[in-house]
Amino acid sequence: MSKITRPLRSVLYIPASKERALDKARGLSCDAIIFDLEDAVTPDEKPAARATLAAALETGGYGNRFKVIRINGLDTPWGADDAAAAATMGADAILLPKVGSPADLDALAKIVGDIPLWAMMETPGAMLNAAAIAAHGQLQAMVMGTNDLAKDLQTRFRADRLPMMAGLGLCLLAAKAHDCAIIDGVYNAFKDDEGHKSECDQGRDMGFDGKTLIHPAQLEVANAAFSPSDAEVDLARRQIAALEEIEASGQGVAVVDGKIVENLHVATARETLAKLDAIAALNAE
Ligand SMILES: CC(C)(COP(=O)(O)OP(=O)(O)OC[C@H]1O[C@@H](n2cnc3c(N)ncnc32)[C@H](O)[C@@H]1OP(=O)(O)O)[C@@H](O)C(=O)NCCC(=O)NCCSC(=O)C[C@H](O)C(=O)O
Ligand SMILES: [Mg+2]
């Protein structure tokens, strides 16, 4: 599957059972929405949540926000019905929880056809199989499920996420090797802006495309953290200009702010400007 190029800085979970939240999302500044039929919905509510979601998507009004439906696992009583229903709801992608191997994605594709697939990466087995999962031909994005992963790893919460690093790193390597998008896990303490910002900045530093979110209050911080900063844009422009100038004089290495600039740095600079343009285009729609 070709790489998704649209911004995915802020990816907001909305429980499909919550009509008020489903409505509110029509006006929120998120790049993507995950309409959740899985963990945010109790077993008793699941069939009704599926119907509520179908009605909300039929009504529409979500504009250019990328629409992803998280179904229940295919090994649950709801998964197969969720998948069949989700395939008819006009979603941009379908997200499968607790993916363990490419075979899980094959099983989903049999039900939903050629709709792009997203995979929750949230078990130790998934971390070890990340490369094979990322190589699946229909996979568009990986989403870190850091709550489930923490549970299975029996880790304690740490602000620096040290216990998570091996898993996050394996998934990042796999996603980048196979041109998949990769979205970081949620920050549970949705009233702790400082902690959320710190985790967003860490995720951006590591190379994630964006962060999954659980509350509208987390949107602004994520959008800022995963957008190119003014300083990054300024540097990118100066690097491109400097290399063009030096190449015109027959040399291949420029120096900007005391650091070398070669073709590979200019490739990154161009990606920064392309990201800025993509965000501007999204905001203009
Ligand atoms: C955490 C919440 C239960 C808090 O809800 P609430 O008490 O209603 O919050 P507020 O009163 O502050 O809400 C203010 C308004 O914002 C709307 N709202 C709240 N949350 C959302 C949302 N996620 N999307 C859209 N709108 C939202 C409220 O309706 C209020 O609106 P209004 O009254 O009109 O002003 C709640 O935020 C929540 O349920 N969040 C989502 C939780 C969730 O999705 N969990 C599952 C995903 S996390 C996960 O599973 C990750 C992974 O699998 C892993 O393993 O890590
Ligand atoms: Mg989970």
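Atoms considered below: every heavy atom in the structure, side chains included; atoms not considered: hydrogens, waters and symmetry mates. Here the structure is a predicted model, which means the values were calculated and not measured.
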(request) Give the cluster check for Leu149 versus Phe157: same hydrophobic cluster or not, with ILVMFWY residues linked at side-chain heavy-atom distances below 4.5 Å. (result) no
(message) Heavy-atom count check: over 12 atoms from other residues, nucleotides or ligands less than 6.0 Å from Asp230 CG?
(response) no
(request) Sequence neighbours left out, what passes side chain to side chain donor-acceptor pair (under 3.5 Å) with Ser10? Give chain and number order. (result) Asn223
(message) Suppose the criterion is ring pair (Phe, Tyr, Trp, His ring centres under 6.0 Å): which pairs have a residue in residues 175-196, not counting sequence neighbours?
(response) Phe190-His215
(message) Suppose the criterion is ring pair (Phe, Tyr, Trp, His ring centres under 6.0 Å): which pairs have a residue in residues 11-56, not counting sequence neighbours?
(response) Phe35-Tyr62
(request) Before accepting this row, confirm whether a basic side-chain N of the pair Asp234/Arg237 lies closer than 4.0 Å to the acidic partner's carboxylate O. (result) no
(request) With sequence neighbours left out, write down each residue that passes side chain to side chain donor-acceptor pair (under 3.5 Å) with Thr42, or none if nothing qualifies. (result) Glu45
(request) Quick one: closest heavy-atom pair of Ala175 and Met142, and the distance? (result) CB-SD, 4.1 Å
(request) Check the hydrophobic clustering (I, L, V, M, F, W, Y; side-chain heavy atoms under 4.5 Å; chains of links allowed) and say if Leu12 and Ile94 are grouped together. (result) yes
(message) I need the minimum non-hydrogen distance between Gly79 and Ile71, along with the two atoms involved.
(response) O-CD1, 4.2 Å
(request) For Asp31, check side chain to side chain donor-acceptor pair (under 3.5 Å) against everything at least two apart and list the hits. (result) Arg9
(request) Could you tell me which non-hydrogen atom of Leu95 sits nearest to which non-hydrogen atom of Pro97, and how far apart they are? (result) O-CD, 3.8 Å
(message) Please give me the minimum heavy-atom distance between Val221 and Cys200, naming the atom from each residue.
(response) CG1-SG, 4.2 Å
(message) Applying side chain to side chain contact (heavy atoms under 4.5 Å, CB included), can you list everything that pairs with Asp75, at least two apart in sequence or on another chain?
(response) none
(request) Locate the shortest heavy-atom distance separating Ile214 from Asn188; write the atom from each residue and the value. (result) CD1-O, 3.5 Å
(request) Please list, chain by chain and in numerical order, all residues satisfying side chain to side chain contact (heavy atoms under 4.5 Å, CB included) with Asp179, sequence neighbours excluded. (result) Lys3
For residues 242-262, dump all side-chain donor-acceptor pairs below 3.5 Å to protein atoms at least two apart in sequence or in another chain.
unit_1, atom_1, unit_2, atom_2, d
Ser249, OG, Ile246, O, 2.7
Asp257, OD1, Arg238, NH1, 3.0
Asp257, OD2, Arg238, NH2, 2.9

(request) For residues 241-268, pull every pair meeting ring pair (Phe, Tyr, Trp, His ring centres under 6.0 Å), keeping only residues two or more places apart or in separate chains. (result) none
Less than 3.5 Å apart, which donor and acceptor atoms pair up between the side chains of residues 102-131 and the rest of the protein, not counting sequence neighbours?
unit_1, atom_1, unit_2, atom_2, d
Asp104, OD2, Gly100, N, 2.6
Asp104, OD2, Ser101, N, 3.3
Asp106, OD1, His136, NE2, 2.8
Trp118, NE1, Gln140, OE1, 2.8
Glu122, OE2, Lys98, N, 2.9
Thr123, OG1, Ala126, N, 3.0
Asn129, ND2, Gly100, O, 2.8

(request) Would you mind listing every salt bridge (charged side-chain N to carboxylate O under 4.0 Å, His left out) that reaches into residues 203-219, with sequence neighbours excluded? (result) Asp184-Lys211, Glu199-Lys211
(request) For Gln239, enumerate each residue passing the side chain to side chain donor-acceptor pair (under 3.5 Å) test, keeping only those at least two apart in sequence or located in another chain. (result) none
